[in-house]
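Just so it is clear, the model here is predicted, and its values are computed rather than measured. For the numbers below, each heavy atom of this structure counts, side chains included, while hydrogens, waters and symmetry mates do not.
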Amino acid sequence: MKSSSHTLRVQILDREVRQLEQQIKSILDSIAVSEERKKGLIRGDAVDKAEQLKQVRMIQEKLDTFREALAKQQKGHSPK
């Protein structure tokens, strides 16, 4: 009795695993065909914010460089 119940459990688990694998494959296939879904997976608020922050830092660096150049230029033209 124990061995037959164990065998049934294994068969049921095997069937459920196969069904789950098929469902996952179907979902992954649908994602693979849809460019929009792929973009949605790799894009998100955190990624957008990180890109915006990167742009802000780049602009800030350019402003700092400009300020330094302006300060040097003003020192060079200051009356002695």
Side-chain angles (χ1 to χ4, degrees):
M1 188 73 158
K2 280 186 174 183
S3 69
S4 62
S5 66
H6 176 71
T7 304
L8 283 173
R9 265 186 267 160
V10 168
Q11 288 175 351
I12 291 170
L13 284 174
D14 285 346
R15 187 174 351 121
E16 288 177 357
V17 166
R18 281 192 303 273
Q19 288 175 345
L20 185 58
E21 286 174 342
Q22 289 173 349
Q23 289 174 350
I24 291 172
K25 184 183 181 315
S26 173
I27 290 169
L28 291 175
D29 287 345
S30 72
I31 290 172
V33 235
S34 171
E35 290 297 320
E36 218 32 60
R37 289 186 78 180
K38 282 191 257 184
K39 286 179 185 176
L41 289 173
I42 60 173
R43 302 288 301 181
D45 289 342
V47 175
D48 292 339
K49 297 295 180 197
E51 287 181 355
Q52 290 172 356
L53 183 59
K54 184 178 176 181
Q55 289 177 343
V56 167
R57 286 182 178 156
M58 185 177 65
I59 292 169
Q60 188 175 11
E61 288 175 10
K62 287 181 180 182
L63 279 173
D64 289 343
T65 304
F66 176 74
R67 285 185 194 134
E68 289 171 7
L70 187 59
K72 285 180 184 178
Q73 185 181 21
Q74 288 178 345
K75 281 184 181 180
H77 294 296
S78 64
K80 295 181 181 181

A.B. asks: Measuring from atom CD of Glu16 to atom CG of Leu20, what distance do you get when rounded to the nearest 0.5 angstrom?
C.D. replies: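 One gets 9.0 Å once the value is rounded to the nearest 0.5 Å.
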A.B. asks: For Ile27 and Ser30, work out which heavy atoms get closest and say how close.
C.D. replies: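 It is O-OG, 2.8 Å.
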A.B. asks: Using 4.0 Å as the upper bound for N to carboxylate O, is an ion pair formed by Asp29 and Lys25?
C.D. replies: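 Salt bridge between Lys25 and Asp29, a charged N being under 4.0 Å from a carboxylate O: yes.
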A.B. asks: How many angstroms lie between CG in Leu8 and CG in Leu13, if you round to the nearest 0.5 Å?
C.D. replies: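 That separation rounds to 11.0 Å.
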A.B. asks: About how many Å separate CG of Leu70 and CD of Gln74, when rounded to the nearest 0.5 Å?
C.D. replies: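 Gln74 atom CD to Leu70 atom CG measures 4.5 Å (nearest 0.5 Å).
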A.B. asks: Out of curiosity, Arg67 CZ to Lys72 NZ, how far, rounded to the nearest 0.5 Å?
C.D. replies: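 Between atom CZ of Arg67 and atom NZ of Lys72 there are 15.0 Å.
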A.B. asks: What distance separates Gln60 CD from Thr65 OG1, expressed to the nearest 0.5 Å?
C.D. replies: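 Output value for this atom pair is 10.5 Å.
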A.B. asks: Measure the spacing between OG1 of Thr7 and CD1 of Ile12 and express it to the nearest 0.5 Å.
C.D. replies: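 With rounding to 0.5 Å, OG1 (Thr7) is 11.0 Å from CD1 (Ile12).
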A.B. asks: Answer yes or no: does atom CG of Asp64 have more than 12 heavy-atom neighbours from other residues, nucleotides or ligands under 6.0 Å?
C.D. replies: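 Enclosed: over 12 neighbouring heavy atoms sit under 6.0 Å from CG of Asp64.
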